[in-house]
Amino acid sequence: MRPKIIAGNWKMFKTPEESKDLINGIKIKLTVPLGNTKVIVCPPFTSLSLVQALLTGSSIALGAQNMYLEDEGAFTGEISPKMLRSVGCTYVILGHSERRQYFNETNEFINRKARKALSSGLTPIICVGETLEQREKNITDQIVTTQVKGVLREISSSEVENLIIAYEPIWAIGTGKTATPAQAQEVHLLIRKIIGQTYSWATAEKVVIQYGGSVKPENSRELLTQSDIDGALVGGACLKAESFVTIVENAILTSKK
Ligand code: PEP
């Protein structure tokens, strides 16, 4: 059975002091056993070491929000997978729509980063999703198919089982608008089918596909009950310990079904 994986994308929020309060709050409030649910926090680079230290002995994993695709070199302002590993990261978000939009990241570049992450022992959480305009033009399937095929290029079937795809409709990110559970499930199934056609159905069944886009305590349960929604990538609601932990608790409840 696929695990449910809840990841919190802290984006460009939280100073080290604020990060300390948030992670301590999550640890205090998260008292139920995780079972088949995994929890990841992705603070900004400046808080990674501190959060790692505070996570010692906890089953919460650490992730970063981005990385470059070399281990070291003259790449001013960039952070390497080797550096992320050295501060305890085991996950990295790649190709978030904000990186695609503000930093011009393409499927090809995200694919190169994903391959580097995998060979560096990091699990990439690769984001895909359509804009509102694309949804209204009824080209969601086409857009998501191109993105999924593009970001998975030259990734082997054993590697693909070790990555996470996050379906994040751009119109639902930070807007308060959520895809309905049925809308999300439809695209998740499409993504699984693309993976099935590219690799095999057995492989596709193993890949975790998260939903992201205004996930909140109130809508998380219904979303997470959908058969192809294996977790959530949470932005706004992960910045408060209480709402993040409620989403995690809902994931635990739905994975028991
Ligand atoms: C995100 O940043 O990946 C995200 C889904 O944000 P939000 O939950 O705020 O929509």
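- Side chains of Ser97 and Ile173 form a contact here, defined as non-hydrogen atoms less than 4.5 Å apart.
- When only modelled atom types and interatomic distance are considered, Asn250 and Ser220 share a side-chain donor-acceptor pair under 3.5 Å.
- Using a 4.5 Å heavy-atom cutoff, the side chains of Tyr167 and Leu190 are not in contact.
- Shown are Arg2, Lys206, Lys38, Lys4; of these, the salt bridge (charged side-chain N to carboxylate O under 4.0 Å, His left out) with Asp230 is made only by Arg2.
- With no hydrogens or angles considered, no side-chain donor-acceptor pair links Ser243 and Thr246 at under 3.5 Å.
- Using a distance-only test at 3.5 Å, with no hydrogens or angles considered, no donor-acceptor pair links the side chain of Arg192 to the main chain of Ile209.
- Side-chain contact between Ile93 and Leu233 is present, with at least one heavy-atom pair separated by less than 4.5 Å.
- When all heavy atoms are compared, the tightest approach of Gly63 to Pro43 is O-CD, 3.5 Å.
- For Thr225 (side chain) and Arg221 (main-chain N/O), a donor-acceptor pair under 3.5 Å exists by modelled atom type.
- Of the possible donor and acceptor atoms, one in the side chain of Glu18 sits under 3.5 Å from a partner among the backbone N and O of Thr15.
- From Ile6, atom CD1 reaches atom OG1 of Thr37 across 7.0 Å, with rounding to the nearest 0.5 Å.
- In this structure the side chain of Ile229 never reaches within 4.5 angstrom of the side chain of Gln210, judged on heavy atoms.
- Between the Gln134 side chain and the Thr131 main chain, a donor and an acceptor come within less than 3.5 Å of each other.
- Heavy-atom contacts from other residues, nucleotides or ligands closer than 6.0 Å to CD of Glu159 number more than 12.
- A chain of hydrophobic side-chain contacts below 4.5 Å, direct or via other Ile, Leu, Val, Met, Phe, Trp or Tyr residues, connects Val160 to Val148.
- For the pair Gln185 (side chain) and Asp228 (backbone), a donor-acceptor distance under 3.5 Å is present.
- No donor-acceptor pair under 3.5 Å is formed between the side chain of Thr203 and the backbone N or O of Ser157.
- When Arg100, Lys137, Arg135 are each tested for a salt bridge (charged side-chain N to carboxylate O under 4.0 Å, His left out) with Glu130, only one passes: Arg135.
- Ala179 and Tyr211 get closest at one heavy-atom pair: N-OH, 3.0 Å.
- Trp10 places a side-chain heavy atom less than 4.5 Å from the side chain of Leu22.
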**Study point:** Pair Asn219-Thr178, side-chain hydrogen bond (donor to acceptor under 3.5 Å, both in side chains): steps then yes or no
**Key:** CA-CA 8 Å; Asn219 59 22; Thr178 323; 3.1 Å; yes
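- Atom CZ of Phe13 is separated from atom CG of Leu239 by 6.0 Å, given to the nearest 0.5 angstrom.
- Taking hydrophobic clusters as Ile, Leu, Val, Met, Phe, Trp and Tyr residues chained together by side-chain heavy-atom distances below 4.5 Å, Ile170 does not share a cluster with Ile125.
- No donor-acceptor pair closer than 3.5 Å links the side chain of Gln65 to the backbone N or O of Val92.
- The local environment of CD in Gln183 is crowded, with over 12 non-hydrogen atoms from other residues, nucleotides or ligands closer than 6.0 Å.
- Note that CD1 of Ile194 and CG of Leu152 are 8.5 Å apart. Values are rounded to the nearest 0.5 Å.
- Salt-bridge annotation for Lys29 and Glu242: absent, with no side-chain N of the basic residue lying under 4.0 Å from a carboxylate O of the acidic one.
- For the pair Val87 and Phe45, the minimum side-chain heavy-atom distance is 4.5 Å or more.
- Under a cut-off of 6.0 angstrom, the local environment of NZ in Lys216 is crowded, with over 12 non-hydrogen atoms contributed by other residues, nucleotides or ligands.
- Atom-to-atom distance recorded for Cys127:SG and Ile165:CD1 is 9.0 Å, nearest 0.5 angstrom.
- In Lys193, the NZ atom is not crowded: 12 or fewer heavy atoms of neighbouring residues, nucleotides or ligands sit closer than 6.0 Å.
- Between Phe109 and Tyr68, the ring planes lie tilted relative to each other; the angle falls in the 30° to 60° range.
- Residue Ile164 is not grouped with residue Leu84 when hydrophobic side chains (ILVMFWY) are merged at heavy-atom distances under 4.5 angstrom, including chains of intermediate members.
- Listed here is the closest heavy atom pair of Asn111 and Gly150: CB-O, 3.3 Å.
- Residues Ser19 and Leu50 approach most closely at CB-CD2, 4.1 Å, considering heavy atoms.
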Exercise for review: Carefully, step by step, assess Glu70 and Lys82 under the rule salt bridge (Lys or Arg N to Asp or Glu O under 4.0 Å).
Suggested key: CA-CA 8 Å; Glu70 298 288 345; Lys82 187 176 156 192; over 6 Å; no
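- Checking Asn107 against Lys149 by side-chain atom types alone, no donor-acceptor pair falls below 3.5 Å.
- Between Thr123 and Leu163, the shortest heavy-atom contact is CG2-CA, 4.1 Å.
- Thr175 places none of its side-chain heavy atoms less than 4.5 Å from the side chain of Leu132.
- Asn24 places no side-chain N or O within 3.5 Å of a backbone atom of Asp21 that could act as its donor or acceptor partner.
- At a threshold of 4.5 Å between non-hydrogen side-chain atoms, the residues Gln226 and Pro181 count as touching.
- In this structure, Arg99 contributes its side chain and Leu94 its backbone to no donor-acceptor pair below 3.5 Å.
- Classification of Asp71 and Lys116 as a salt-bridged pair holds, one side-chain N sitting under 4.0 Å from a carboxylate O.
- Here the straight-line distance linking atom CG of Leu62 with atom CD1 of Ile40 works out to 10.0 Å at 0.5 Å rounding.
- For the atom pair CD of Glu78 and CE of Met67, the computed distance is 10.0 Å after rounding to the nearest 0.5 Å.
- In this structure, Ser58 contributes its side chain and Ile60 its backbone to a donor-acceptor pair below 3.5 Å.
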